[in-house]
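Report on one structure; see the data block that follows.
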Amino acid sequence: MTDKVFEKSITKQFEFDEEVASVFDDMLNRSVPFYKEMQRLTINFALNYLENNDRVYDLGCSTASTLIELSKHSSKKLNLIGIDNSPAMLARAANKCKAFGVEVKLLNEDLHNIEYPEAKLIISNYTLQFIRPLQREKLVKKIYDNLKPGGVFIFSEKVISSDKVLGKQYIDEYYEFKKTQGYSEYEIAQKREALENVLIPYTDEENKKMILDAGFDHCETLFKWVNFATFIAIKK
Ligand SMILES: C[S@@+](CC[C@H](N)C(=O)[O-])C[C@H]1O[C@@H](n2cnc3c(N)ncnc32)[C@H](O)[C@@H]1O
Ligand SMILES: O=C(O)C(=O)C[C@]1(C(=O)O)C=C[C@@H](O)C=C1
């Protein structure tokens with residue numbers, strides 16, 4: 001289904017509710033530049049670290065597309081666990097997993113409330129940005145603590161520039177991208193307002209600092225398009 005959520009005037013802040021979930025795959029594909037390429041890289045790099053029976057968690061799994069793709073591309077038997085606190089997203093995830101014949105344990109939980117034990121790989125694409133900054137640092141520490149030695153954390157985020165002028169150019173470039181995807185200026189403005197104080201992006205440097213402060217040995221950028229970045233963090 002085509003995303004038309006912001007064609008009408010907004011009445012509330014952005015939420016992962018039934019309306020958003022019903023068009024979410026289209027929304028992501030048209031709102032995140034190179035989404036598919038970012039997902040392909042997430043999976044290819046993840047596969048370098050995975051062995052039979054490893055546990056893989058996707059935090060903020062939404063409709064489970066990443067876990068389904070990972071399963072399709074892996075020759076190993078993996079324990080796939082998707083966590084999300086949106087029942088509307090998880091209902092779509094369950095349908096898609098069934099349709100693709102992929103076994104995924106789907107947990108309707110807040111990321112703050114549960115542990116991710118024995119994790120070899122934790123993925124979290126475009127989800128930390130929705131966690132309040134103080135909670136975000138704690139969550140990343142928990143991610144580090146739950147990973148086995150040799151484990152990896154791959155995550156993607158919308159990012160900002162620490163340079164004001166460049167930051168404005170980032171936003172202009174991103175809105176041009178949205179227009180090429182068929183979003184009107186009205187839809188772009190409405191979504192921007194709905195996301196205000198809900199999606200809180202960090203700079204590249206802040207993301208890397210948060211990761212290293214949590215204890216990770218290494219963190220680098222795997223992919224970047226202007227204001228969207230994918231990072232890999234390694235626990236030795
Ligand atoms: C932008 S979407 C993630 C997209 C997905 N990772 C992908 O690549 O297809 C963010 C997801 O995080 C979930 N989420 C946000 N805050 C959460 C929390 N505190 N606990 C659990 N899930 C959360 C939302 O419900 C939403 O499905
Ligand atoms: O449309 C935007 O402005 C975005 O930031 C895209 C974005 C994201 O990066 O998470 C925002 C909300 C939806 O979850 C899908 C994509």
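Order of appearance sets the numbers: ligands from 1, and atoms from 1 within every ligand. All values reported here derive from a predicted model rather than from experimental measurement. Just the heavy atoms: all of them, side chains too, but no hydrogens, waters or symmetry mates, feed the values below. Note that the numbering runs from 1 along the sequence shown for the chain.
For atom 16 (C) of ligand 2, the nearest protein heavy atom (residue, atom name, distance) is L28 CD2, 3.8 Å. The protein non-hydrogen atom at the shortest distance from atom 10 (C) of ligand 1 is T127 OG1, 3.4 Å. Ranking protein heavy atoms by distance to atom 13 (C) of ligand 2, first place goes to F14 CZ, 3.7 Å. For atom 2 (S) of ligand 1, the nearest non-hydrogen atom of the protein is S62 OG, 3.3 Å. The nearest protein atom to atom 25 (O) of ligand 1, hydrogens excluded, is given as D84 OD1, 2.5 Å; this is a heavy-atom distance. Closest protein heavy atom to atom 20 (N) of ligand 1: L111 N, 2.9 Å. In this structure, atom 14 (O) of ligand 2 lies nearest to the protein heavy atom F16 CE2, 3.4 Å. If you check which protein heavy atom lies closest to atom 4 (C) of ligand 2, you get Y174 OH, 3.3 Å. Residue, atom and distance of the protein heavy atom nearest to atom 14 (N) of ligand 1 are N85 OD1, 3.6 Å. Ranking protein heavy atoms by distance to atom 9 (O) of ligand 2, first place goes to Q129 NE2, 3.3 Å. The protein non-hydrogen atom at the shortest distance from atom 19 (N) of ligand 1 is D110 OD1, 3.3 Å.
Under the 6.0 Å cut-off for aromatic ring centres, F231 and F223 do not qualify, their centroids lying 6.0 Å or more apart.
The distance criterion of under 3.5 Å between nitrogen or oxygen atoms is not met by Y126 with respect to ligand 1. By the 3.5 Å distance cut-off applied to N or O atoms, C61 is not counted among the residues near ligand 1.
Near E109, the atoms of ligand 1 lying under 4.0 angstrom from a non-hydrogen atom of the residue are 20 (N), 21 (C). Less than 4.0 angstrom separates some heavy atom of Y35 from each of these atoms of ligand 1: 7 (C), 8 (O), 9 (O). Close approach of ligand 1 to S86 (heavy-atom distance below 4.0 Å) involves ligand atoms 25 (O).
Taking a 4.0 Å cut-off on heavy atoms, R192 fails to register as neighbouring ligand 2.
Counting non-hydrogen atoms of neighbouring residues, nucleotides and ligands closer than 6.0 angstrom, the CD atom of E193 reaches no more than 12 such neighbours. More than 12 heavy atoms of other residues, nucleotides or ligands sit less than 6.0 Å from atom CD of Q135. Under a cut-off of 6.0 angstrom, the local environment of CZ in F45 is sparse, with at most 12 non-hydrogen atoms contributed by other residues, nucleotides or ligands.
Among Q181, K158, R30, K191, the residue whose heavy atom sits closest to atom 11 (C) of ligand 2 is K191.
Remark: the K168 side chain and the S161 side chain contain no N/O donor-acceptor pair separated by less than 3.5 Å. A donor-acceptor contact closer than 3.5 angstrom is absent between the side chains of D26 and T2.
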Set out, in order, the CA-CA distance, both residues' side-chain angles and the distance that settles salt bridge (Lys or Arg N to Asp or Glu O under 4.0 Å) for D204 and K224, then state yes or no.
CA-CA 10 Å; D204 288 352; K224 188 159 186 223; 3.1 Å; yes

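The proximity of I123 to ligand 1, defined as any non-hydrogen pair under 4.0 Å, does not occur for either the backbone or the side chain. Neither the backbone nor the side chain of V20 comes within contact range of ligand 2; no heavy atom lies under 4.0 Å.
Taking 4.0 Å as the cut-off between side-chain N and carboxylate O, K191 and D3 do not count as a salt-bridged pair.
Relative to the six-membered ring of Y175, R192 misses at least one condition, a distance below 6.0 Å or an angle of at most 45° to the axis. Seen from the ring of Y116, R55 does not count as a face-on cation partner, given the 6.0 Å and 45° thresholds.
A perpendicular orientation is assigned to the rings of F228 and Y126, their planes being inclined by more than 60° (bins at 30° and 60°).
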